[in-house]
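A short worksheet on the structure shown next.
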Amino acid sequence: MPQTLAVQSHQAVCLITLQRPQALNALSTELLAELATELERCTHDDTIRAVVLTGSRKAFAAGADLNEMAERDLVGMLNDPRQAYWQRITGFAKPMIAAVNGYALGGGCELAMHADILIAGEEAQFGQPEINLGIMPGAGGTQRLLRAVGKSLAMQMVLSGEPISARRALEAGLVSEITPPELTVERALQIATTIASKAPLAVRLAKEALLKAQDLDLASGLRFERHAFTLLAGTADRNEGIRAFQEKRPARFNGQ
Ligand code: HXC
């Protein structure tokens, strides 16, 4: 039983709620380990097709646990087990939606950016305040943030440490929708449920292709897309999808 997470199944969607209210969901070693383990469980469970990750109304996550960080010197940081947990979280291949309310700061903002889709409550705040502590982001806050919001805003956020509002995050493309806070999780679950109803292999390859767009040059990305598209022609779900269209009925995908 995880101590720092609550896990609930909503049919094919797993809802994971960060639960360290005493520290605004600061990302302790224990929390990162439990999250990595839970996501791996979702990977191996064929009945789970998508994940929604959320926190509380006050905080999605207020960053790395600063009390733990205070105890680590340079050698401690180089041997930091949390880096391995971050790697395992990043490698999650099923669709993940972050439902963000309250503070998403530092590692919390970086964790939200690991998600494929971000939905935010109107009062959410996104920030990379590491500079205030004499450090800098270390889990994607320079790389993913710049790709998400562009150079100027990423520089402003990382170098000044000042957070942005949910509305600003929407305008900048960091989040795709904002909702009243009490509806954020519900909206994320709705989107996840829609995605969970699609052919899993197509979803998986489409996610992979979209992520490649951030890493590859256009020609290589288009080559990857064409290969993935062609590969799906060999799946039963592709035949079912087209047959269902012709027969004017909903498709029944089985992941084959
Ligand atoms: C440990 C934290 C914490 C954190 C909050 N708390 N953030 N504990 N690590 N990151 C604890 C507080 O100590 C306090 O505990 C309780 O949560 C409530 O927080 P308050 O500060 O009293 O709440 P509030 O006044 O509402 O202010 C909220 C806040 C502030 C603005 C979010 O807590 C804050 O600035 N937190 C730090 C945010 C931050 O700098 N994050 C970046 C960390 S570096 P007590 O016991 O006093 O009640 C990072 C690097 C990632 O993330 C690298 C990844 C590889």
Side-chain angles (χ1 to χ4, degrees), residues 2-6 16-39 53-92 96 98-115 118 120-149 153-169 174-175 181 184:
Q3 302 298 305
T4 61
L5 310 173
I16 301 178
T17 307
L18 308 183
Q19 273 190 340
R20 287 192 75 215
Q22 72 283 10
L24 302 184
N25 293 331
L27 305 170
S28 61
T29 306
E30 184 187 24
L31 186 150
L32 289 172
E34 289 186 347
L35 181 57
T37 301
E38 200 50 44
L39 290 176
L53 183 61
T54 195
S56 68
R57 176 84 176 250
K58 177 154 188 201
F60 178 75
D65 189 303
L66 290 172
N67 297 323
E68 275 187 1
M69 249 169 80
E71 286 165 15
R72 284 183 187 270
D73 60 7
L74 175 60
V75 175
M77 289 305 283
L78 289 172
N79 294 318
D80 189 350
R82 287 172 298 182
Q83 295 195 9
Y85 299 136
W86 275 106
Q87 294 284 334
R88 284 165 58 194
I89 293 165
T90 322
F92 186 61
M96 176 151 73
V100 179
N101 277 303
Y103 298 112
L105 300 178
C109 186
E110 292 170 311
L111 179 61
M113 288 191 291
H114 278 306
L118 277 78
E122 282 153 355
E123 292 155 16
Q125 285 186 41
F126 295 85
Q128 299 289 163
E130 288 90 339
I131 205 81
N132 299 328
L133 304 166
I135 54 171
M136 60 172 279
T142 59
Q143 303 303 301
R144 286 196 184 86
L145 186 66
L146 187 135
R147 284 165 166 81
V149 305
L153 184 56
M155 285 280 183
Q156 185 178 329
M157 290 171 70
V158 171
L159 301 185
S160 77
E162 287 177 0
I164 59 169
S165 67
R167 185 147 299 279
R168 185 81 184 87
L174 181 61
V175 310
T184 316

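Sequential numbering from 1 along the given sequence is applied to the chain's residues. Counting starts at 1 for both ligands and their atoms, following the listed order.
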Quiz prompt | Residue, atom name and distance, where the atom is the protein heavy atom closest to atom 53 (C) of ligand 1 | solution = E110 OE1, 4.0 Å
Quiz item: Does some side-chain heavy atom of Q128 sit less than 4.5 Å from a side-chain heavy atom of E162?
Solution: no
Exercise. Write out the residue and atom name of the closest protein heavy atom to atom 35 (O) of ligand 1, then the distance separating them to 0.1 Å.
Key: L105 CD1, 4.9 Å
Quiz item: Does even one non-hydrogen atom of E68 get within less than 4.0 Å of ligand 1?
Solution: no
Quiz item: Under 4.0 Å from atom 22 (O) of ligand 1, is there any protein heavy atom?
Solution: no
Quiz prompt | E68 side chain near T29 side chain, heavy-atom distance below 4.5 Å | solution = yes
Quiz prompt | Nitrogen or oxygen of G107 less than 3.5 angstrom from that of ligand 1 | solution = yes
Self-check item: CA sep, side-chain torsions, deciding dist, call: I135, E130, side-chain contact (heavy atoms from CB on, under 4.5 Å)
Solution: CA-CA 5 Å; I135 54 171; E130 288 90 339; 3.7 Å; yes
Quiz item: Going through the distances and angles, do N25 and F60 end up as a side-chain contact (heavy atoms from CB on, under 4.5 Å)?
Solution: CA-CA 7 Å; N25 293 331; F60 178 75; over 6 Å; no
Practice problem: With heavy atoms only and a cut-off of under 4.0 Å, state how L133 meets ligand 1: side chain, backbone, both or neither. | Solution: side chain
Quiz item: Protein heavy atoms: any of them under 4.0 Å from atom 30 (C) of ligand 1?
Solution: no
Quiz prompt | T4-E34 side chain donor-acceptor pair, cut-off 3.5 Å | solution = yes
Quiz item: Considering all protein heavy atoms, does one lie under 4.0 Å from atom 9 (N) of ligand 1?
Solution: yes
Practice problem: Write out the residue and atom name of the closest protein heavy atom to atom 19 (O) of ligand 1, then the distance separating them to 0.1 Å. | Solution: L24 CD1, 3.6 Å
Quiz item: Can you tell me which residue and heavy atom of the protein come closest to atom 50 (C) of ligand 1, and the distance to 0.1 Å?
Solution: E130 OE2, 3.6 Å
Self-check item: Side-chain heavy-atom pair Y85, L27 within 4.5 angstrom cut-off
Solution: no
Self-check item: Subset of ligand 1 atoms that lie under 4.0 Å from at least one heavy atom of A26
Solution: 1 (C), 4 (C), 9 (N), 10 (N)
Practice problem: Identify the protein heavy atom lying closest to atom 27 (O) of ligand 1, giving its residue, its atom name and the separation to 0.1 Å. | Solution: Y103 OH, 4.2 Å
Quiz item: M69 to ligand 1: N or O pair under 3.5 Å?
Solution: no
Quiz item: What are the atoms of ligand 1, with element, lying closer than 4.0 Å to any heavy atom of P129?
Solution: 39 (C), 40 (O), 41 (N), 42 (C)
Quiz item: For the side chain of N101 and the backbone of A124, is there at least one donor-acceptor N/O pair under 3.5 Å apart?
Solution: no
Quiz item: Is there a side-chain contact between R144 and T90 (heavy atoms, below 4.5 Å)?
Solution: yes
Quiz item: Would you say the side chain of L111 lies within less than 4.5 Å of the side chain of L35, judging by non-hydrogen atoms?
Solution: yes
Quiz item: Would a search of protein heavy atoms around atom 41 (N) of ligand 1 find one under 4.0 Å away?
Solution: yes
Quiz item: Does atom CZ of R167 have more than 12 heavy-atom neighbours from other groups under 6.0 Å away?
Solution: no
Self-check item: Note, L18 side chain near T54 side chain (heavy atom, < 4.5 Å)
Solution: no
Quiz prompt | Residue G106 vicinity, atoms of ligand 1 by number, heavy atom under 4.0 Å | solution = 52 (O)
Self-check item: Heavy-atom proximity to atom 39 (C) of ligand 1, best of P163, A64, A62, G63
Solution: A62
Exercise. For atom 47 (O) of ligand 1, state whether the nearest protein heavy atom is under 4.0 Å away.
Key: no
Self-check item: contact_flag Q22 ligand 1 heavy-atom lt 4.0 Å
Solution: yes
Quiz item: Side chains of M96 and L39: closer than 4.5 Å at any heavy-atom pair?
Solution: yes
Quiz item: Checking side-chain contact (heavy atoms from CB on, under 4.5 Å) for the pair V100/F126: CA distance, chi angles, key distance, verdict?
Solution: CA-CA 9 Å; V100 179; F126 295 85; 3.8 Å; yes
Quiz item: Relative to the heavy atoms of G138, which atoms of ligand 1 are at a distance of less than 4.0 Å?
Solution: 55 (C)
Quiz item: If hydrogens are left out, which of L66, D65, N25 has an atom nearest to atom 43 (C) of ligand 1, that is, the closest non-hydrogen atom?
Solution: L66
Quiz item: For the side chain of R20 and the backbone of A26, is there at least one donor-acceptor N/O pair under 3.5 Å apart?
Solution: yes
Quiz item: Looking only at heavy atoms, is any part of Q83 under 4.0 Å from ligand 1, and if so is it the side chain, the backbone, or both, or is it neither?
Solution: neither
Quiz item: Would you say atom 17 (O) of ligand 1 touches the protein, meaning some protein heavy atom is under 4.0 Å from it?
Solution: yes
Quiz item: Nearest to atom 2 (C) of ligand 1, what protein heavy atom do you find, and at what distance?
Solution: A23 O, 3.8 Å
Quiz item: Is the shortest distance from atom 33 (O) of ligand 1 to a protein heavy atom below 4.0 Å?
Solution: yes
Exercise. May I ask you to decide if G141's main-chain N or O and E110's side chain share a donor-acceptor pair within less than 3.5 Å?
Key: yes
Practice problem: State, yes or no, whether a side-chain contact exists between E30 and Q3 at a heavy-atom distance under 4.5 Å. | Solution: yes
Self-check item: Nearest protein heavy atom under 4.0 Å from atom 12 (C) of ligand 1, yes or no
Solution: no
Exercise. Could you list which atoms of ligand 1 come closer than 4.0 Å to a heavy atom of A139?
Key: 54 (C), 55 (C)
Exercise. Report yes if K58 has an N/O atom closer than 3.5 Å to an N/O atom of ligand 1; otherwise report no.
Key: yes
